[in-house]
Structures are given as C-alpha cells and as structure tokens.
Amino acid sequence: MTINFRLHALTLHTTEGVVSYDFESDLTVLEGPTGVGKTTLLELIKYGFAAGEPRLATVATETVHDVAIDISIGGEEYLVTRSLDAVKRKNVRIVDKRTGERLPDRPVDGESSLNSFLLEKLGLPDNIKAPAQKGKSSKPGSRITFGDIFKFIYIPQYAINQDIADSTDSYYEPKRKAVFELLFKLTDPDILSMQSQVNVLNGNIDAEDTHLKTILQFLHDTNASSREEVEQQLQEAATAQADAQAQLSSLRDELDPLIDRQTRTYRDLLTDAERALAEARAITQELIRERNEIDLENRRVKADRARLERMRDAGDRLANIEFSVCPRCMQPLSNRSVQEDCCRLCLQSDPVSPERAADSYELQQLELQLVEMDAQREVTEQQLEKARHAIVERESLIEHFTDILETRTSQRVTPRLQAFSDASDRMATARTRKENFETALQQWDRVEDIARKVRELRSKQDRLKANIVTRKAALTIHRNLVFARIEEEFREAATNLDIASVETAGFDRANYLPLINGKVFTKALMSGGGSMTATQIAYWVSLIKVAQETDSCYPSMLIIDGPRLALNTATGTWAAIYKRLREGVEDDPGAVQFLVSDNELPDDYEGDFTRIVFDYQNPTVATIRHPGEGRVEVIATIDE
C-alpha cells in the first residue's frame, strides 16, 4: 500500500495579506484560464518542500514572503514554512501540529536538512545513492533526495507532454530507476549501497591495474628478467661473493708470512681501494637506473601535459562559441536577457574564466613535476659524473698500488698477488650484481603486492555481486507481480482513455517507462501532443493504483498541472481522463489524493470533489491585483 502523504492546506503570506487554500478533498481541481497563477501555486508547493528549483512567477518572487504547507506524512502532521527571502530561505520552520511544538529549524541543504526529515518520514534513509548498474562505472552514484521522490508526485505542465520524471535525461536515468525501485520495493538501500561499493571497486581495481602495468612496462623497458630468474641470479651472485670472500681470506693467510709491514700496508690500501671501486661501480649502476626511471616518468608527465594542453585548446575554442539557439530544442536564445557573468545557455553563474582555465591547477602541477624531475635528473647526472670520476680515480689508485706491490713482491708473491687481485675483482663484481638483483627483486615484490591487492579487491567485488544477485533474487516474485500489474493497469487505462495513435500499450521492464505500439513512449509519440499527455496521465494513475495494491512506500499523492492544454479538440480523451481520476479516489476513499490544475473541466464532469475556480479578478494570489489577461508572462513561456 502507499505511504500516507497528503497536502491539507497551503498558506501564502504576501505583502498585502494572507491567502490560504484547503485541500481536504481526495480530488481537488484548480480551474481557471491561463495566466491566473495556477502553476504558480503548484510551484510554490514545490518550493515549500525544497524539492528542487521551482519556476516561480514574478508575482511570487516580488509579493510572497512565506509559504506554509500543512501536510501529513507517515501518519504525522506538520506545518512546514519557508521564506522566499534570499537569506531566510536557507532554513525551514517545522511545527508538529498534533502537539503544537515547534521543532528545530531544518536547513534546505546539508546535514539534518528538510530533505533528511521528509525521507525519514517516508521510511527512507537520507544517504542512499543511485549507482549506475550498467557498464563499468567507477562512481558511487548521486545521492537520492526528496526532490527525486517529488518527481513521482508532481507532474509539471512543462513536462506533461515531453517526458516522465526526466526520463529523456540519460545522466539522470540511474537515479530515476533507483527511485522507482525504492518506491515499489524492487530494491532496498542495502542493495544500492552494495552496488555503489561495486562501482567504487571498479575504479580502485582499474587504478591498481594501471599501476601494475606501469611497473611491468618499466621492468620490460629495463630488460629485467622474470622473478624466478632474478631470484636464481641473486643466489648465484651471493654464492660467488661468498666464494671470492673465502678465497681472499685464504690468500691473506698465505701472504701474511711473506709480506713485510710496509707491503702489508700497501695491501690494505689496495683492498680499501678495490672495495671503494666496487662501491663506486654499484653507485653508478644505481644512478643509471634512477636516471632511466626519471626519464620514463618525464615522458609520461609530458604526455599528460600535452593531453591537457589539447583539452585546454579545445576548451578555449569552445568557450568562444556563443550559442544562438538551444542545442537541445533548437529554440532561439537571443530574446532572453542574460545577467553579466552568467551562461547564455543555462543562465547559471559562469565561475571559470578563460584565463583561469588556461592556467589550470592540474597543468601547473604537471609543469612543477617536470621542473622537479629536470632538477632531479640534473642532480643525478652530477652524482653519476662524480661516481664515474671516482671509478677512474680508484682504478688509477689500484693500478698504482698494484705496481708498487708487484715491484716489492715480484720475486716472492706476484702469483699470489695476481690471485688476490682476481679474487677481489670477482668479489666486487659479485657484490654489484647482488645489489642490482636485490633492487630488481624489490620491484617484483611491488608487482606481487599490487597483484595481491587487485585479487583481494576483485574477490571483495565478487562477493558483493553475489550478495546483490541473491538479494535481488529474493525480490523476483514481488518484482514480476508489480511489473505485471503495472502493465495490466496501464494497458487498461490507455484503452479507456482512447488515446489517438495508440494501438498497443505496455510497460518496459528495463527502463520502467510506458510502451506505445511496441516502442518507448517518447519514440512512439510526438512531444507536445495530446497523446503524450494522455499517456502520461494513464501511466501515473496506473502507478499509484498498483502501489495501493502492493507492498510499496509510494507517496499517496499525485499533482498534475495542465492536462487540458495539449489535448486541443480531443474532448473524449479529456473527459475520460477526469473519469479515471475520479475513479482513482472513489475506489478507496481517503487512500490517495489528487490535485489537478486545469483551464476548464468537461461539461458532464460530476463527482465528489473540490473545485476551486480562479479568474483574472480572483487570481491564485488573491491579495495582489492581477494586471489582466495577456499582461503577465506565464511560467511555460518563461521556461521556453
């Protein structure tokens, strides 16, 4: 069944007094010609709920101070008041009508907002996100607000002959579908939360995969062997170093009795020089590897900088384009007044200037990285040059000491000295190779760590996906029942409304939209026509009727603005629509509430309903004198 949600009254505090309207009837019709303020009244209701950006007429923005809506929601009754003042509008006053207690004011945005309050009363948490469930999105999804729920309550005049709850907006599609599923309990917050985690894990896995590929590419570019080969070579180098060390110790023991004190000193100096030579060679190899890494990273950052410069150039070119027509509906934009520093197309503030765009933060960071890497490379080159110079010096020193020792011991220890030199060279070479292999092994350790992390992320994602499938499977029977009833009810409603050009009617179970002649309604019907309006009425009334019969948290209210405008001469369909609305409230009195704004009612329309009639002498904001027919700019015109 539906969740109790009713509007009992609307009160406007204007500069000239108070205007109040009661909506206690299950069906209330606001009747009057175009321009008397019917849409303004409905948009003020939307404003009071802070359910998105309303389209307010001048009479509202200039003469209305406060909007107070008397509502019952979830079995409780509240008076919600919101000011139209630019500062005061940021907070909403709430009074519990049953106790008379004024509750803490709620901000329009942020934590503990009116949005959180209304969602809580509908039995929904305020932190639900609507993730994309197709493709490989890495975004957790946009947060679902009461404004998204309100799209299923209020069908405005500017949308009644175009789309359903912004269904033509592909960016909004995941949220529209998520709200539909929540209202009919085809999903739950836990499932949506798990899907958000799955999407976030997509991004994490992609990032780690990219990191892994970067390291593997580096290892490939540096001709690094496989991990197994590196481990084997490391063991061989360690063994060679140990053997050379053992041989050196043995040679020292053999040479000690044969060498005098001065010769022994030269030998020690030679050993130190050889050790220094090995260290200098090892440092040289490390610096060469570091320089190669800097060069590789430098090429990557330059590629990113080139990409950003191309994007910046494209942005500069596009920024100079002044749209003369709307790229969506091709209507001219030249007749609209645009404030300074605002976008000519969407009328929103244009916060980014070409100068700031050209000097973007990310491009600056890349430039700083390049400067820093150039500095690092220069320092590395200097250190490499010093290391190479040290190698030359130590080789010269070794040669010098070797000549001295050879001269002093040519008759006694030259063969042993040669063996000693060979062993020293082998040990230095083995030590250098061992250090290089240890560095390569560290890179392979990083590869293994990242690969393990990717496996863990994929495992977590697979568990979440399996849990989602299980949770959705438990809802299969309910889902099929809801879809079958919506399709049945919509088909019957479309048939009874006798909609022109409609041969068959159905329900798209993938997109949750009506099907007309086997196609989604926006492709089967012409936008702006009476058939589109009638199809929408049939769809929305069918949803609320099915919600009454099944387990749902669908709000029990439907606000429809201007169904008559697009019907033209289709008086039969017009009459059938009101008959369908009357039947909707008569089936279960008090269960649902319909609030309809229209130019006029069918001549033979009868039933138990409230009829509030407006004209140019008695407009909706009755305290303010109406300038007369044709002297106001109606909201539909402003929107165009």
Side-chain angles (χ1 to χ4, degrees), residues 7-48 54-70 84 154-158 160-161 530 533 537 558-571 573-575 577-579 581-582 593-640:
L7 174 64
H8 299 290
L10 170 68
T11 301
L12 306 178
H13 298 268
T14 73
T15 56
E16 303 299 328
V18 177
V19 180
S20 184
Y21 296 101
D22 294 329
F23 305 112
E24 293 296 345
S25 175
D26 288 349
L27 174 59
T28 302
V29 179
L30 309 178
E31 182 184 356
T34 299
V36 296
K38 304 185 301 299
T39 297
T40 295
L41 211 61
L42 301 184
E43 290 292 319
L44 284 170
I45 294 173
K46 177 180 179 179
Y47 177 83
R55 292 165 168 81
L56 298 178
T58 304
V59 67
T61 57
E62 293 183 354
T63 66
V64 178
H65 294 323
D66 296 288
V67 177
I69 49 177
D70 183 350
L84 273 78
Y154 175 39
I155 299 89
Q157 177 182 328
Y158 50 80
I160 196 169
N161 55 12
T533 297
I537 299 297
L558 184 61
I559 303 174
I560 306 172
D561 186 15
R564 173 61 174 152
L565 290 179
L567 292 174
N568 297 324
T569 59
T571 55
T573 300
W574 178 36
I577 287 174
Y578 276 93
K579 179 180 178 182
L581 294 174
R582 187 184 69 234
Q593 181 185 23
F594 291 158
L595 176 59
V596 184
S597 162
D598 216 339
N599 286 32
E600 56 182 324
L601 294 176
D603 295 336
D604 58 348
Y605 182 62
E606 297 179 355
D608 185 12
F609 70 97
T610 298
R611 183 177 185 179
I612 304 177
V613 181
F614 303 103
D615 54 33
Y616 297 110
Q617 286 71 43
N618 297 287
T620 56
V621 187
T623 55
I624 307 301
R625 181 178 177 275
H626 195 284
E629 182 178 2
R631 297 185 179 181
V632 295
E633 190 173 19
V634 297
I635 291 177
T637 303
I638 295 174
D639 186 57
E640 293 172 1

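Rounded to the nearest 0.5 Å, atoms CG (L10) and OG (S20) are 7.0 Å apart. Going from atom CG of D598 over to atom CH2 of W574 covers 7.0 Å, rounded to the nearest 0.5 Å. To the nearest 0.5 Å, atom OH of residue Y158 and atom CZ of residue R55 are 4.0 Å apart. Between D561 atom CG and L42 atom CG the span is 5.0 Å, to the nearest 0.5 Å. In this structure, CG on D615 lies 10.5 Å from CD on E31, to the nearest 0.5 angstrom. Rounding to the nearest 0.5 Å gives a distance of 9.0 Å between OG1 of T610 and CG of D22.
Annotation: side chain of L7 is not in contact with side chain of T28 (no heavy-atom distance under 4.5 Å). Two residues are said to be in side-chain contact when any heavy atoms from C-beta on lie closer than 4.5 Å; V19 and I624 fail this criterion. F614 has its side chain within reach of L30: a pair of non-hydrogen atoms, C-beta onward, lies under 4.5 Å apart. Side chains of F23 and I612 form a contact here, defined as non-hydrogen atoms less than 4.5 Å apart. Using a 4.5 Å heavy-atom cutoff, the side chains of L56 and V64 are not in contact. A heavy-atom distance below 4.5 Å is found between the side chains of V18 and T11. Side-chain contact between T34 and N599 is present, with at least one heavy-atom pair separated by less than 4.5 Å. A heavy-atom distance below 4.5 Å is not found between the side chains of L595 and Q593.
In terms of heavy atoms, P33 sits closest to K38 at O-NZ, 3.1 Å. The two atoms that bring I160 and G562 nearest to each other are CG2-O, 4.4 Å, heavy atoms only. Taking both residues in full, the closest heavy atoms of A60 and L44 are given as CB-CD2, 4.1 Å, listed atom of the first, atom of the second, then distance. Residue E43 comes nearest to P156 through the heavy atom pair OE2-CB, 4.3 Å, listed as atom of the first residue, atom of the second, then distance. The two residues G48 and V67 come nearest to each other via the heavy atoms CA-CG1, 4.5 Å. Nearest heavy atom pair, residue Y21 against residue V621, reads OH-N, 4.4 Å.
The ring pair (Phe, Tyr, Trp, His ring centres under 6.0 Å) check on Y47 picks up nothing, with sequence neighbours excluded. In this view, E24 and H8 satisfy the side-chain hydrogen bond (donor to acceptor under 3.5 Å, both in side chains) rule, not counting sequence neighbours.
Among T63, T623, D66, the one residue that satisfies the side-chain hydrogen bond (donor to acceptor under 3.5 Å, both in side chains) test with T14 is T623.
Taking the six-membered ring where the residue is Trp, the centroids of F609 and Y578 are separated by 6.0 Å or more.
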